[in-house]
Amino acid sequence: MITNQVNNIVELIQQQIKDIVEKSIKVAEQKGELPQIEIPEIVIEKPREQQYGEFSTNVAMQITKQAKQPPRKIAEIIIGNAATEGTYVEKIDCAGPGFINFYLNNQWLYDSLKLITEMKEQYGEITIGKGTKVMVEFVSANPTGPLHMGNARGGALGDCIASVLEKAGYDVTREFYVNDAGNQIQKFGISLEARYIQQLKGEDAILFPEDGYQGEDIIEHAKAYIAEYGDALLLKESEERRSILAQYALPKNIERIRDGLQQYGISYDVWFSEKSLYDSKEVERTISELKEKGYTVESEDAIWLNGEKLGLEKNEVLVRNNGFPTYMAADIAYHRDKFVGRKFDWVINLWGADHHGHVGRMKAAMIPFGIEPDKLQVVLFQLVRLYRNGEIARMSKRTGKSISLTDLLDEVGKDAARFFFNMKASGSHLDFDLDLAVKQSNENPVFYVQYAHARICSMLAKLEEEGIPMPEVSKVDLSLLKEKEELELIKKLAELPEEIRISASTLEPSRLTRYVMDVAGGFHSFYSACSVKNAEEELRMARIELAMCTKTVIRNVLSILKISSPERM
RNA sequence: GUGCCUGUAGCUCAGCUGGAUAGAGCAACGGACUUCUAAUCCGUAGGUCGGGGGUUCGAAUCCCUCCAGGCACGCCA
């Protein structure tokens, strides 16, 4: 049944079932048992209850009106005409109000194990992306200070979304947009200047701007500059002084951000500079194009994006009355470049939920350039609350400052951080329990999963030590695996490609985190119910094969999440 | 005030393109280590799916309304 084309057995079976149903309906039409039916999209689902088989469909209920017969009757007719030869389907019956339930023979499970053994680290890879060029832009933190918890969640989410899309066959580019131009860089310079003067001439020498960056890191930059270059800037014009200080500190901050993300397991394909959009006149060009196409209005000495024409609630300023473009203008130019300049077919942005107001505007702003707005997709994630000792934690234990990504990594480590941020759907609020993340106990799901992997490794090592030969899949009789725990575990393993498919299409890698917890649980149950070492030789071989496949699946999922798979714990 | 997100077991969350008796982990309680790692396993208990209305053969899921929490409504980004 396995061919090189098949990499998702669950999908294959669902297709088989759809074919069975469609053909059966056609046959029934010919026999006159059913009138001509416009067959709807056949939905195959997994029944909650084991007793209802592996898959079920509700077509009989969907076509009740067309068939002019009660659903159970229709189901009986479909079952009566179903041809299951050459498929994994063993039995079909009808239950409840008219569900058609499909029971499979175990061969699909054994074939899945063979598939895992053949594909190894590639198991789980599918081709639904068909090489589509997709960009995932995430974190894109302001380089005016350290990375915070929002960046940490966005980083874990964005990176894992990118990985999942790669597994699903997309051509993925990870990008960081560096906001190295515009207002906040001005503010950065003003803040640095104030700290610089305060360092040299005392706290009261200059009033620190109310909307300046308050962080300690600004003071540290000022001190570092003075240590390196002294007080010569005091003699310069303010504007030049600010610019020099900003240009001094900015690269340092970007470097720190890069290092922090590297520690976190994230590396980007592209670091895209906002400033480059000004330097290349791309912002200007974008604004004139909007103007030419009639999407702008001018009033109060400013140039506005015509919101009404784009179905928006209000107009948005593109060029201020002082002649400087807004962030919005630069962002439109940036996204135009993603599609028009760099030819991405699909662009995914990860933004904190506080930016949700910006989503509709940006998508609409693509229309003037002939870009389908839905090609720009924004994944919003809710913000993070840290808990320590059962209370909201705002400050770092070590530094006393607000908790940065680096602090988090120091405190809980990369594995726990990435696991926890990917445990919940992006849209749900996240309470991050710092105590739990480092707890080495069964309360901590990271350890639960990693322990399953370590347990397999150690078991296999022990068997090898005792001189027990490792199996060759072609010689193993997998059909010996028929204990409940064995079958449950294999079923889980067989679902990986389907889990990847769903995670990719919903952009929810959290699904995989929960999946790998299930796999680990399945293994632990198998482990305590079925002895490998003490099984009769043939069975032992099959069980070793199952354990090795489990190891492969856990590794593959953890590697998507960029979490380590320890061999011993 | 307007818009968006969230509300499911004691806690943290799945399920939400409508389907069969609403699921999982943790916590609680009771069991299992002379046996391949007990960082584990097995079992028990736990629910007005925020409230109320509606649509439907059927609603946690769709519509309306109210309540609670978060966020956004800048010539900030």
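No hydrogens, no waters, no symmetry mates; every other heavy atom, side chains included, goes into these values.
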Quiz item: When all nucleic acid strands are considered with a 4.0 Å heavy-atom cut-off, which category describes A:Q51: base, sugar-phosphate, or nothing?
Solution: base
Quiz item: Is it true that A:E538 and A:R540 have a side-chain N and a carboxylate O under 4.0 angstrom from each other?
Solution: no
Quiz item: Is the CD atom of A:E537 crowded by more than 12 outside heavy atoms at less than 6.0 Å?
Solution: no
Practice problem: Have a look at A:C94 and say if it touches a base, only the backbone sugar-phosphate, or nothing, with a 4.0 Å heavy-atom cut-off. | Solution: nothing
Quiz prompt | Spacing between A:D433 atom CG and B:C13 atom P, to the nearest angstrom | solution = 11 Å
Quiz item: Of the nucleotides B:U40, B:G19, B:U21, which has the atom closest to the A:P97 side chain?
Solution: B:G19
Quiz item: With nearest nucleotides of RNA chain B determined for A:V532 and A:M61 from heavy-atom distances, which residue corresponds to the more 5′ nucleotide?
Solution: A:M61
Quiz prompt | Lys/Arg N to Asp/Glu carboxylate O, A:K46 vs A:E54, below 4.0 Å | solution = no
Name the atoms and distances for all side-chain donor-acceptor pairs under 3.5 Å in residues 424-431 of chain A, with sequence neighbours left out.
residue: A:S426; atom: OG; partner: A:E508; partner atom: OE2; Å: 3.3
residue: A:S428; atom: OG; partner: A:A425; partner atom: O; Å: 2.9
residue: A:D431; atom: OD1; partner: A:R385; partner atom: NE; Å: 3.3
residue: A:D431; atom: OD1; partner: A:R385; partner atom: NH2; Å: 3.4

Quiz item: With A:R153, which residues qualify under side chain to side chain donor-acceptor pair (under 3.5 Å), at least two apart?
Solution: none
Self-check item: Whole-Å gap separating P (B:U8) and NZ (A:K424)
Solution: 13 Å
Quiz item: Between A:S458 and A:R568, is there a donor-acceptor pair closer than 3.5 Å when you use the side chain of the first and the backbone of the second?
Solution: no
Practice problem: Mind checking A:S510 for me? I need base, sugar-phosphate or nothing, with any heavy atom below 4.0 Å counting as a touch. | Solution: nothing
Quiz prompt | Between B:A39 (C1') and A:R568 (CZ): distance, integer Å | solution = 16 Å
Self-check item: Test ring pair (Phe, Tyr, Trp, His ring centres under 6.0 Å) applied to A:F176 - qualifying residues, sequence neighbours left out
Solution: A:Y268, A:W271
Quiz item: Between B:C57 atom P and A:Q62 atom CD, what is the distance in whole Å?
Solution: 16 Å
Quiz item: Base, sugar-phosphate alone, or nothing: which one does A:S525 contact when heavy atoms must sit under 4.0 Å apart?
Solution: sugar-phosphate
Quiz item: Starting at CD of A:E45 and ending at C1' of B:G15, how long is that distance when rounded to a whole Å?
Solution: 12 Å
Quiz item: In whole Å, what is the span from the CD1 atom of A:I74 to the C1' atom of B:C57?
Solution: 13 Å
Quiz item: Is the backbone N or O of A:S564 less than 3.5 Å from a side-chain atom of A:D415, with the two atoms forming a donor-acceptor pair by type?
Solution: yes
Quiz item: Between A:S510 and A:N422, does a side-chain hydrogen bond (donor to acceptor under 3.5 Å, both in side chains) hold up when you go through it step by step?
Solution: CA-CA 5 Å; A:S510 61; A:N422 270 302; over 6 Å; no
Give every pair of a protein N or O atom and an N or O atom of nucleotides 23-25 of chain B that lie under 3.5 Å apart, one pair per line with the distance.
none

Self-check item: Interatomic distance, A:R72 CZ vs B:C57 C1' [rounded to whole Å]
Solution: 14 Å
Quiz item: Nearest of B:C13, B:A20, B:C36 to any side-chain atom of A:Y527?
Solution: B:C36
Quiz prompt | Distance, nearest 0.5 Å, that separates OG of A:S191 from CD of A:Q186 | solution = 11.0 Å
Quiz item: What pairs with A:F99 under ring pair (Phe, Tyr, Trp, His ring centres under 6.0 Å), at least two apart in sequence or on another chain?
Solution: none
At a cut-off of 3.5 Å, list every protein nitrogen or oxygen paired with a nitrogen or oxygen from nucleotides 28-35 of chain B, distance to 0.1 Å.
none

Quiz item: Given atom CG of A:N58 and atom C1' of B:C57, what is their separation to the nearest angstrom?
Solution: 13 Å
Self-check item: Over 12 foreign heavy atoms within 6.0 Å of CD, A:Q15
Solution: yes
Exercise. May I ask you to say what A:S531 touches in the nucleic acid, namely base, sugar-phosphate or nothing, with a heavy-atom cut-off under 4.0 Å?
Key: base
Quiz prompt | Gap between atom NE2 of A:H335 and atom CE of A:M135 - 0.5 Å precision | solution = 8.0 Å
Quiz item: For nucleotides 67-77 of chain B, read 5' to 3', which letter fits each nucleotide if B means a protein heavy atom sits under 4.0 Å from the base, S means only the sugar-phosphate is that close, and - means neither?
Solution: --BSBSS-BSB
Exercise. Looking at every strand, decide which applies to A:A95 at a 4.0 Å heavy-atom threshold: base, sugar-phosphate, or nothing.
Key: base
Exercise. Enumerate, in order of first residue number, the stems that involve RNA chain B, defined as 3 or more consecutive Watson-Crick or G-U wobble pairs with both distances under 3.5 Å.
Key: B:1-7 with B:67-73, B:10-13 with B:23-26, B:28-32 with B:40-44, B:50-54 with B:62-66
Quiz prompt | Selection: residues 483-503 of chain A, any non-hydrogen atom under 4.0 Å of RNA chain B | solution = none
Would you tabulate the side-chain donor-acceptor contacts of residues 138-152 of chain A under 3.5 Å, counting partners in other chains and residues two or more places apart, or write 'none'?
residue: A:S140; atom: OG; partner: A:E137; partner atom: OE2; Å: 2.6
residue: A:S140; atom: OG; partner: A:Y177; partner atom: N; Å: 2.9
residue: A:H148; atom: ND1; partner: A:G150; partner atom: N; Å: 3.0
residue: A:H148; atom: ND1; partner: A:N151; partner atom: N; Å: 3.4
residue: A:H148; atom: NE2; partner: A:N151; partner atom: OD1; Å: 3.2
residue: A:N151; atom: OD1; partner: A:H148; partner atom: N; Å: 3.0

Quiz item: Counting side-chain heavy atoms from C-beta on, which of B:G19, B:C41, B:C13 comes nearest to A:F99?
Solution: B:G19
Quiz item: Looking at A:E567 and A:R555, does any basic side-chain N land under 4.0 Å from a carboxylate oxygen?
Solution: yes
Exercise. Have a look at A:A529 and say if it touches a base, only the backbone sugar-phosphate, or nothing, with a 4.0 Å heavy-atom cut-off.
Key: nothing
Quiz item: Looking across every strand, which nucleic acid part, if any, lies under 4.0 Å from A:R511 by heavy atom: base, sugar-phosphate, or nothing?
Solution: nothing
Self-check item: Any residue meeting salt bridge (Lys or Arg N to Asp or Glu O under 4.0 Å) with A:E545, in chain and number order, not counting sequence neighbours
Solution: none
Quiz item: Contact class for A:N315 vs. all strands (heavy atom < 4.0 Å): base, sugar-phosphate, or nothing?
Solution: nothing
Exercise. Please name all residues satisfying side chain to side chain donor-acceptor pair (under 3.5 Å) with A:E282, sequence neighbours left out, ordered by chain then number.
Key: A:R285, A:R336
Practice problem: Name the residue closer to the 5' end of RNA chain B, choosing between A:L430 and A:S528 according to the nucleotide with the nearest heavy atom. | Solution: A:L430
